[in-house]
Amino acid sequence: MLRGGLSIGKVFGISIRLHYSWFFIFALVTWAMVTSYFPSTHPTWSLSMKIGAGLVTSLLFFGSVLAHELMHSLVALREGIHIQSITLFILGGVSQMAGEPKAPRDEFRMAIAGPLSSLVLGGVFWGVFFGLRNMTSGTAQFVSAVAYWLGYINIGLGVFNLIPGFPLDGGRVLRSLMWWRSRNLQKSTKIASNIGRGVGFAFIFGGIWLIFTGSWFDGIWIALIGWFLESAAVGSYRQLLLQDMLKGHVASEVMSRDCKVVSPDTTIERLVNENILTTGRRCFPVVTDDRVLGLVTIHNIKAIPRELWNTRMVKEAMTPLDSLKSVRPDEDLSSVLQILIENDINQVPVIQDHNVIGIIGRDNILSFVNVRSQLGM
Ligand SMILES: [Zn+2]
């Protein structure tokens, strides 16, 4: 659900992204600060002062959420888990990890780091507030007003994330403790994600109740958070089951071996008529003199206008080898799946000693999973 977004730079090698929905929350926080919060706490402030304070508060709020996510990521990096990106969106931040923690202790540290950093930040902001609140200068008033709200929101962020429903941080802490005691990751994840679903439903019902009792805005917000929690809880458990099923299996077990190779100088028209329409295959290694030049897929062909099919050659349409993702025959199935998802592609060639020995796609992995689950394995 978080595909779109802007990349705003890299910190510690992690790319930081803003999802489009984040701009809405930024505008909402600023608007609420300027029109309702500062007018009630500092009625004497001019409008430009309120707008300035609103913008500063929103920016620091954004920095606080980012700091929370970065703390998770820094602990993960220390434990050898690569973090690809952090995306900030309407309900907070999500870190995209390559891999899962290997031991309960790693997961515990990684999970607790975020809420702890929010609580510490909240304490620092409230420290600033208490230090400055009795000073009369305009600057001190400005800083203490902003610091008070940020202290409150960071502590709220820390406490909310400690709710023990997976995949919230608190749910991860709970899972790591159960995992540590039982040594059974799958069972622990199941319990923690069921609690996560329960928390999600509680938020949804609480939100609906608020909508009907008049606080419709808070109600929609809380129900939305609940819906997000519930689906994330279901999704992360499914993902674990899938990874469990794929564990220990490699690309060569499920790849399609009957790769029909084509020459780079075949026309697209001929490829379509003689190979695609008759065999139903969707993907062909392009080979000359036993050397793989690239891969041509239905996707590549669709990019070429129909009327040019009889003049354009396969070599002009293919994805060349150097920009092509490929896997080794002994590549783990879960990492093959990850490569497909990350690059948004349907198949990759399986290459051994510069030869294409097969093609593996989402459909191969899907039917592998389907057959095993039908057999109850
Ligand atoms: Zn967190």
Side-chain angles (χ1 to χ4, degrees), residues 1-2 5 11-12 14-19 21-22 25-26 29 60-79 81-125 150-179 188-189 192-193 195-200 203 221-222 224-237 239-240:
M1 67 174 289
L2 293 175
V11 186
F12 303 111
I14 304 162
S15 120
I16 310 291
R17 303 171 55 80
L18 296 181
H19 186 251
S21 65
W22 178 84
I25 191 73
F26 186 84
V29 169
L60 288 172
F61 168 61
F62 155 72
S64 301
V65 176
L66 188 59
H68 173 114
E69 288 306 317
L70 273 176
M71 281 310 285
H72 285 305
S73 301
L74 288 180
V75 175
L77 284 177
R78 252 193 50 189
E79 280 156 8
I81 298 172
H82 177 62
I83 306 287
Q84 279 148 343
S85 64
I86 293 175
T87 305
L88 298 181
F89 73 119
I90 192 164
L91 301 175
V94 189
S95 303
Q96 178 94 43
M97 295 191 283
E100 284 277 317
K102 304 210 168 24
R105 192 210 298 221
D106 293 354
E107 164 144 79
F108 180 85
R109 286 187 186 146
M110 235 173 85
I112 202 83
L116 279 187
S117 67
S118 293
L119 294 176
V120 169
L121 258 179
V124 169
F125 279 120
L150 285 164
Y152 168 77
I153 207 74
N154 270 293
I155 287 170
L157 204 64
V159 171
F160 171 75
N161 275 291
L162 283 172
I163 295 175
F166 190 81
L168 284 175
D169 298 333
R172 287 186 181 273
V173 168
L174 178 70
R175 176 172 83 158
S176 72
L177 294 174
M178 290 191 292
W179 182 14
S188 311
T189 309
S193 69
I195 300 174
R197 293 188 71 186
V199 172
F203 270 71
W221 202 247
I222 287 169
L224 187 69
I225 292 174
W227 170 78
F228 177 75
L229 279 182
E230 202 276 332
S231 46
V234 175
S236 13
Y237 181 57
Q239 200 184 339
L240 182 88

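Counting convention: from 1, in listed order, for ligands and their atoms alike.
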Is the ring pair Phe89/Phe228 parallel, tilted or perpendicular, if the boundaries are 30 and 60 degrees?
tilted

Interatomic distance, Ile155 atom CD1 to Leu150 atom CG [nearest 0.5 angstrom]:
11.0 Å

Got a second to check how far Phe108's CZ is from Leu177's CG, nearest 0.5 Å?
6.0 Å

Would you indicate whether the side-chain heavy atoms of Pro115 and His72 approach each other to under 4.5 Å?
yes

Where is the tightest heavy-atom contact between Ala111 and Arg172, given as atom of each residue plus distance?
CB-CB, 3.5 Å

Could you pull out all residues at least two apart from Ser64 that satisfy side-chain hydrogen bond (donor to acceptor under 3.5 Å, both in side chains)?
Asn154

Closer than 2.8 Å to the Zn ion (ligand 1), what protein N/O/S atoms do you find?
His68 NE2, His72 NE2, Asp169 OD1, Asp169 OD2

